[in-house]
Amino acid sequence: ENDANEIPDDEVFAFVPEKVQLVVMEFCPPNPEEEEEMMWAASGNDTAWLEELLKRPLNPMAIYKDEDMEGMTALHYAAED
């Protein structure tokens, strides 16, 4: 349809019923730099930056590839504090 658009997270529907079509998309190929940013934001409790990163098509369960922290995800880092 030609009238398709993205619905903001805080959208309030004034008219009911609304027709909504859900589009499920795969994650984009991993971007190691953005995944590392996500890990740093989670470990530093920078919730504002973490929220911005999670609006991107990143995998929140991405595993950080580091010798000392092998197998850690952003959730692991957030839970440490």
Side-chain angles (χ1 to χ4, degrees):
E1 295 180 22
N2 293 338
D3 60 345
N5 55 28
E6 184 177 340
I7 301 171
D9 289 340
D10 58 351
E11 179 72 26
V12 176
F13 295 106
F15 304 101
V16 179
E18 288 286 334
K19 180 179 177 183
V20 177
Q21 180 180 5
L22 177 64
V23 177
V24 178
M25 299 173 62
E26 295 294 322
F27 286 113
C28 291
N31 180 329
E33 292 171 358
E34 288 185 329
E35 288 177 353
E36 186 173 352
E37 284 183 54
M38 187 171 50
M39 302 299 175
W40 282 110
S43 67
N45 289 324
D46 189 345
T47 56
W49 182 235
L50 186 57
E51 185 173 342
E52 285 302 311
L53 288 167
L54 290 172
K55 288 180 181 177
R56 300 177 187 174
L58 293 174
N59 181 357
M61 296 306 294
I63 297 174
Y64 188 52
K65 307 287 193 259
D66 181 83
E67 294 175 8
D68 298 328
M69 301 293 205
E70 186 66 35
M72 299 280 283
T73 66
L75 181 59
H76 288 115
Y77 284 104
E80 284 184 336
D81 293 330

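None of these values were measured; they are calculated from a predicted model.
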- Message: According to a hydrophobic-cluster definition based on side-chain heavy atoms being under 4.5 Å apart (Ile, Leu, Val, Met, Phe, Trp, Tyr only), do Trp40 and Leu50 belong together?
- Response: no
- Query: Which atoms form the tightest heavy-atom contact between Met38 and Leu54, and what is the distance?
  - Reply: SD-CD2, 3.7 Å
- For the residue pair Met72 and Met39, what are the closest heavy atoms and their distance? O-CE, 3.9 Å
- Which atoms form the tightest heavy-atom contact between Ala74 and Ala42, and what is the distance? O-CB, 3.3 Å
- Item | From Leu53 atom CG to Glu35 atom CD, the distance as rounded to the nearest 0.5 Å | 11.0 Å
- Message: Just checking Glu33: does its CD atom have more than 12 heavy atoms from other residues, nucleotides or ligands closer to it than 6.0 angstrom?
- Response: no
